[in-house]
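Below: one structure, written as structure tokens.
In this chain, residues are counted from 1 in sequence order. Any value given below was found using the heavy atoms of this structure, including those in side chains, with hydrogens, waters and symmetry copies removed. Predicted model, so just to flag it, every value in this text is computed and none were measured.
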Amino acid sequence: MMLNKCLMLVLFGIGIQFGAKAQKDPKAEEILNSVSENYKSLNGLTAEFEYTYSNTPDAPVQTNKGKVTVKGDKYRLVLDDQEIYNNGETVWTYIKSDNFKEVTINTVEEDMEELTPSNIYNIYKKGYNYKYLGEETRNGRVVQIIELNAEDRRSQFQQITLFVDKARKYLVEWEIKDDIGGTFSYKFREIDAQANIPDSFFVFNTKEHPDVEVIDLR
């Protein structure tokens, strides 16, 4: 459930807690607000992505791929061995393997320590300071780089670096440093921001999957 811990879509060490006003860069805030407002205006967004993880500089890098669809506070995440459906009220975690299939159902609870594909666009609004680092060209597009740092040194995610498509105001890449020295990296591929996704897409229909064991924890 590594991706649940840090993607879910989806950060940030600070030994001293500084004053909020001194650490919130107006330039960074302007860009982050534009990204957040742009996201809220969409009827849906789908993207393929690549994510990697390394817990030490010399450790092997684990690389995986997936697909994500988001709409407001709803998302659906598809990985190799699991799918996560979240309609804003209920979350279904569907585990699939050669030997068994099961889905665990839980009620969605607001947790500022959880990073999801839907709250990555608003995570900066509470508990983080941020600063604008500049811009560079990546994969043929100009991106603006913003660093978020946790105000609380006990936070699970200590630092996030966001890469924003300057022209379209889309988040295209981000890197996360957790509280144990690990680094997660996520890169969006094939973004479709014109998708019109029905709400039913974010619900796991147990009746359509009679062969799946259901564990209802609500």
Side-chain angles (χ1 to χ4, degrees), residues 3-42 45 47 49-57 61 68 70-73 75 110-189 191 193:
L3 197 60
N4 266 344
K5 178 182 177 183
C6 46
L7 195 200
M8 294 192 34
L9 327 3
V10 252
L11 278 93
F12 314 99
I14 295 182
I16 301 175
Q17 186 170 336
F18 297 95
K21 290 185 179 179
Q23 295 298 310
K24 289 180 168 52
D25 180 352
K27 173 70 172 179
E29 185 171 27
E30 178 184 0
I31 296 169
L32 292 170
N33 285 341
S34 295
V35 172
S36 180
E37 290 301 315
N38 185 39
Y39 167 71
K40 287 191 293 185
S41 71
L42 301 176
L45 178 150
F49 65 90
E50 179 181 275
Y51 64 102
T52 61
Y53 175 75
S54 177
N55 55 10
T56 66
V61 175
V68 64
V70 291
K71 177 184 178 181
D73 61 352
Y75 66 86
E110 184 175 354
D111 181 1
M112 294 309 295
E113 281 293 299
E114 182 181 31
L115 179 63
T116 73
S118 55
N119 74 13
I120 181 65
Y121 299 91
N122 297 302
I123 194 74
Y124 71 96
K125 293 181 178 180
K126 186 175 181 180
Y128 291 94
N129 294 314
Y130 38 79
K131 59 183 178 181
Y132 177 62
L133 300 183
E135 61 182 53
E136 63 182 49
T137 301
R138 289 193 169 204
N139 298 319
R141 63 163 66 98
V142 177
V143 296
Q144 296 170 305
I145 307 170
I146 298 172
E147 182 180 275
L148 282 67
N149 288 286
E151 294 175 334
D152 188 343
R153 63 181 177 180
R154 296 167 298 179
S155 176
Q156 180 180 5
F157 306 113
Q158 284 298 304
Q159 186 181 83
I160 307 174
T161 305
L162 302 175
F163 299 85
V164 176
D165 185 313
K166 183 178 181 179
R168 300 188 297 171
K169 297 304 178 188
Y170 293 159
L171 182 61
V172 294
E173 182 178 342
W174 63 96
E175 295 177 356
I176 305 166
K177 293 184 179 179
D178 63 20
D179 57 350
I180 60 172
T183 300
F184 300 86
S185 176
Y186 300 89
K187 297 179 182 180
F188 273 167
R189 312 287 190 193
I191 299 175

Could you check if a side-chain atom of [X] sits within less than 4.5 angstrom of a side-chain atom of [Y], using non-hydrogen atoms only?
X    : Y    : value
N129 : E151 : yes
L32  : L162 : yes
I176 : Y186 : yes

Where is the tightest heavy-atom contact between L42 and N38, given as atom of each residue plus distance?
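That closest heavy-atom pairing would be CG-O, 3.4 Å.
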Taking all heavy atoms of L171 and all of I191, pick out the closest pair and write down the distance.
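Closest approach of L171 to I191: O-CD1, 4.3 Å.
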Tell me, with the steps shown, if N149 and Q23 meet side-chain contact (heavy atoms from CB on, under 4.5 Å).
CA-CA 9 Å; N149 288 286; Q23 295 298 310; over 6 Å; no
Can you list everything that forms a side chain to side chain contact (heavy atoms under 4.5 Å, CB included) with S36? Sequence neighbours excluded, please.
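Testing S36 for side chain to side chain contact (heavy atoms under 4.5 Å, CB included), a comparison that skips the adjacent residues, returns K40, N122, Y124, K125.
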Please confirm whether the ring centroid of F188 lies under 6.0 Å from the ring centroid of W174.
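Judged by ring-centre distance (under 6.0 Å), F188 and W174 do meet the cut-off.
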Check: Y51 ring centroid to F49 ring centroid under 6.0 Å
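Yes; F49 has its ring centre under 6.0 Å from that of Y51.
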Holding to salt bridge (Lys or Arg N to Asp or Glu O under 4.0 Å), I want the full list of residues that pass it with E29, two or more places apart in sequence or in another chain.
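For E29, no residue satisfies salt bridge (Lys or Arg N to Asp or Glu O under 4.0 Å) once neighbours in sequence are set aside.
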State whether [X] and [Y] are salt-bridged, where the test is any N-O pair (Lys NZ or Arg NE/NH1/NH2 against Asp/Glu carboxylate O) under 4.0 Å.
X    : Y    : answer
R154 : D152 : yes
K177 : E147 : no
K187 : E50  : no

At what distance, to the nearest 0.5 angstrom, does [atom1] of [X] lie from [atom2] of [Y]?
X    : Y    : atom1 : atom2 : answer
K131 : I146 : NZ    : CD1   : 12.5 Å
E135 : I31  : CD    : CD1   : 8.5 Å
I145 : Y132 : CD1   : OH    : 8.0 Å
S41  : K169 : OG    : NZ    : 13.5 Å

Tell me if a side-chain donor or acceptor on D165 pairs with a main-chain N or O of R141 at a distance below 3.5 Å.
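Not at all, since once roles are kept as given, no pair shorter than 3.5 Å links the two residues.
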